[in-house]
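As structure tokens, the structure follows; a few thoughts come after it.
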Amino acid sequence: MTQMNRTIRGSAGFLLLPFLAILAASGCGESSPPGSSGDVDNTGGAGPGTGGAAAGSTSAGTGGGAAASSSSAGTGGAAASSSSAGTGGAAAGVTGSGSGGAGAGGAPSSSPTFHIFMLMGQSNMAGVAAKQASDQNSDQRLKVLGGCNQPAGQWNLANPPLSDCPGESRINLSTSVDPGIWFGKTLLGKLREGDTIGLIGTAESGESINTFISGGSHHQTILNKIAKAKTAENARFAGIIFHQGETDTGQGSWPGKVVQLYNEVKAAWGVDYDVPFILGELPAGGCCSSHNNLVHQAADMLPDGYWVSQDGTKVMDQYHFDHASVVLMGTRYGEKMIEALKW
């Protein structure tokens, strides 16, 4: 289990209290994901495992050999022309939908990889500070699934804000910048040639973590977005950034619910490898910085958990980061993800 409480100098969270009038009290679908060519390096073993090959089968078992024209390779296996390679496996000639990258610990894929990251939390992840010209993105390698005021259900050029507006809570702003865009821009600096990045914004302002886990009002929306993202060519679920806690400040059960959310997201993706889950500290000088001990605790409880510090940030009201702090936090999320993924 990777547990890293190190500060990378950043963490962010957004809470948009119930509407603008309530702002001081709480907290917006699919062109083809690009990808020309490029290799993806992963550490670990290469090639098929020991065991027989199943020609024309739909799956190669754990430790098994290669499955010609299979749709999936199990742990340790390799799938020729497969849509997915399991942990330790390698996927060659991936063209189908689903997770097309090489599995964790597997051999490099000959195809480009579409690295998909989830942006989760409440208003400090959805965005409150007004966006500026510097926040815009024109790099076609950085996509968002849907996004504010963009066609839902398809991959669009990523520009802030990245979560739905006004969202299910009817609060998310359409004029704001969120840390997700700067997270993505930071990742671009280390992106392998031919690969692309996809962002999935699922933040809802003013919401408790209870609305994101099973039984919550926002849970099904998260599952729907994951189901859509999984159909992208060469898609690989790569990580999560998370800023939430203002609504749940001080609740001792919160870290366990963070772990539950991680497990449910991972199950929805159907992957058997762990991805980095990076939490952001709540801003100091605001309502809720006492919650940061629980942020650290949650990171420790995750199999690949991290947190980033809010040091040096400022709030523009009781709850929300100002523009410079949003940029800083997004950059810190990106730097920490690069470190966690060893890009």
Side-chain angles (χ1 to χ4, degrees), residues 1-6 8 11-14 86-87 99 101 103-105 115-122 124-126 145 163 179-180 183 187 198-204 207-230 235-248 251-282 291-308 332-334 336-342:
M1 176 183 295
T2 302
Q3 299 173 353
M4 188 176 296
N5 283 3
R6 302 201 299 240
I8 190 181
S11 275
F14 305 73
T87 303
S99 178
H115 307 274
I116 299 181
F117 299 89
M118 300 195 67
L119 320 176
M120 310 188 78
Q122 55 184 115
N124 271 320
M125 184 61 74
L145 182 60
S163 293
F183 166 75
L187 294 180
L199 305 175
I200 305 177
T202 68
E204 283 288 333
E207 294 296 312
S208 165
I209 195 172
N210 294 320
T211 66
F212 303 139
I213 57 180
S214 57
S217 59
H218 193 52
H219 184 67
Q220 189 58 49
T221 297
I222 294 172
L223 298 185
N224 292 345
K225 289 192 173 186
I226 292 173
K228 182 63 179 179
K230 287 168 64 176
R236 188 178 195 281
F237 179 35
I240 302 168
I241 62 172
F242 183 70
H243 184 102
Q244 198 277 331
E246 291 90 343
T247 297
D248 301 316
Q251 295 184 15
S253 61
W254 185 84
K257 292 177 179 178
V258 172
V259 176
Q260 179 182 345
L261 177 62
Y262 168 80
N263 288 333
E264 290 176 348
V265 167
K266 181 179 169 180
W269 275 98
V271 298
D272 60 0
Y273 56 87
D274 293 318
V275 301
F277 189 111
I278 303 175
L279 300 93
E281 283 189 328
L282 279 58
H291 189 75
N292 287 335
N293 287 333
L294 296 178
V295 170
H296 304 163
Q297 183 179 330
D300 281 343
M301 292 170 63
L302 291 160
D304 198 12
Y306 309 82
W307 58 270
V308 293
R332 288 174 175 173
Y333 277 121
K336 180 59 72 177
M337 187 65 73
I338 288 168
E339 177 185 336
L341 293 174
K342 298 179 174 58

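We're numbering straight along the sequence, starting at 1.
- Residues Leu341 and Ala238 approach most closely at CD2-O, 3.7 Å, considering heavy atoms.
- Nearest approach of Asp248 to His291, heavy atoms of both residues: O-CE1, 3.5 Å.
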Side chain to side chain contact (heavy atoms under 4.5 Å, CB included) between Thr211 and Glu204: does it pass, once the steps are laid out?
-> CA-CA 9 Å; Thr211 66; Glu204 283 288 333; 5.7 Å; no
Side chain to side chain contact (heavy atoms under 4.5 Å, CB included) evaluation trace for Ile209 with Gln260 | CA-CA 10 Å; Ile209 195 172; Gln260 179 182 345; over 6 Å; no
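- In this structure a side-chain-to-backbone donor-acceptor pair under 3.5 Å is present from Gln244 to Glu207.
- When all heavy atoms of Ala229 and Ala235 are compared, the pair lying nearest together is O-CB, 3.9 Å.
- The shortest non-hydrogen separation linking Ile241 to Gly180 is CD1-CA, 4.5 Å.
- Under the ring pair (Phe, Tyr, Trp, His ring centres under 6.0 Å) criterion, His219 pairs with no residue, sequence neighbours left out.
- Residues Pro276 and Tyr306 share a closest heavy-atom pair of CB-CE1, 3.9 Å.
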Evaluate the criterion side chain to side chain contact (heavy atoms under 4.5 Å, CB included) for residue pair Asn210 and Lys257; output intermediate values, then yes/no.
-> CA-CA 8 Å; Asn210 294 320; Lys257 292 177 179 178; 2.7 Å; yes
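- Counting heavy atoms from C-beta on, the side chains of Phe242 and Leu261 come closer than 4.5 Å.
- Glu264 places a side-chain N or O within 3.5 Å of a backbone atom of Ser214 that can act as its donor or acceptor partner.
- Phe117 has its side chain out of reach of Ile278: every pair of non-hydrogen atoms, C-beta onward, lies at least 4.5 Å apart.
- For the pair Leu302 and Leu279, the minimum side-chain heavy-atom distance is below 4.5 Å.
- Residue Lys266 comes nearest to Phe237 through the heavy atom pair CA-CE2, 4.4 Å, listed as atom of the first residue, atom of the second, then distance.
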Go through Met120 and Val265 one step at a time and tell me if the side chain to side chain contact (heavy atoms under 4.5 Å, CB included) criterion holds.
-> CA-CA 11 Å; Met120 310 188 78; Val265 167; 4.1 Å; yes
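- Distance alone, capped at 3.5 Å, is enough to place a donor-acceptor pair between the Thr202 side chain and the Leu119 backbone.
- Judged purely by atom type and a 3.5 angstrom limit, Tyr333 uses its side chain to pair as donor or acceptor with the backbone of Gly280.
- Met118 has its side chain within reach of Ile222: a pair of non-hydrogen atoms, C-beta onward, lies under 4.5 Å apart.
- Side chain of Gln122 to main chain of Gly245: a donor-acceptor pair is present (N/O by atom type, distance under 3.5 Å, no hydrogens or angles).
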Can Tyr262 and Asp304 be said to form a side chain to side chain donor-acceptor pair (under 3.5 Å), step by step?
-> CA-CA 10 Å; Tyr262 168 80; Asp304 198 12; over 6 Å; no
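- In this structure Lys225 satisfies the salt bridge (charged side-chain N to carboxylate O under 4.0 Å, His left out) test together with Asp164, sequence neighbours excluded.
- Side-chain contact between Phe277 and Val259: absent, with no pair of heavy atoms (C-beta onward) separated by less than 4.5 Å.
- Between Val258 and Gln297, the closest side-chain pair of non-hydrogen atoms is not below 4.5 Å.
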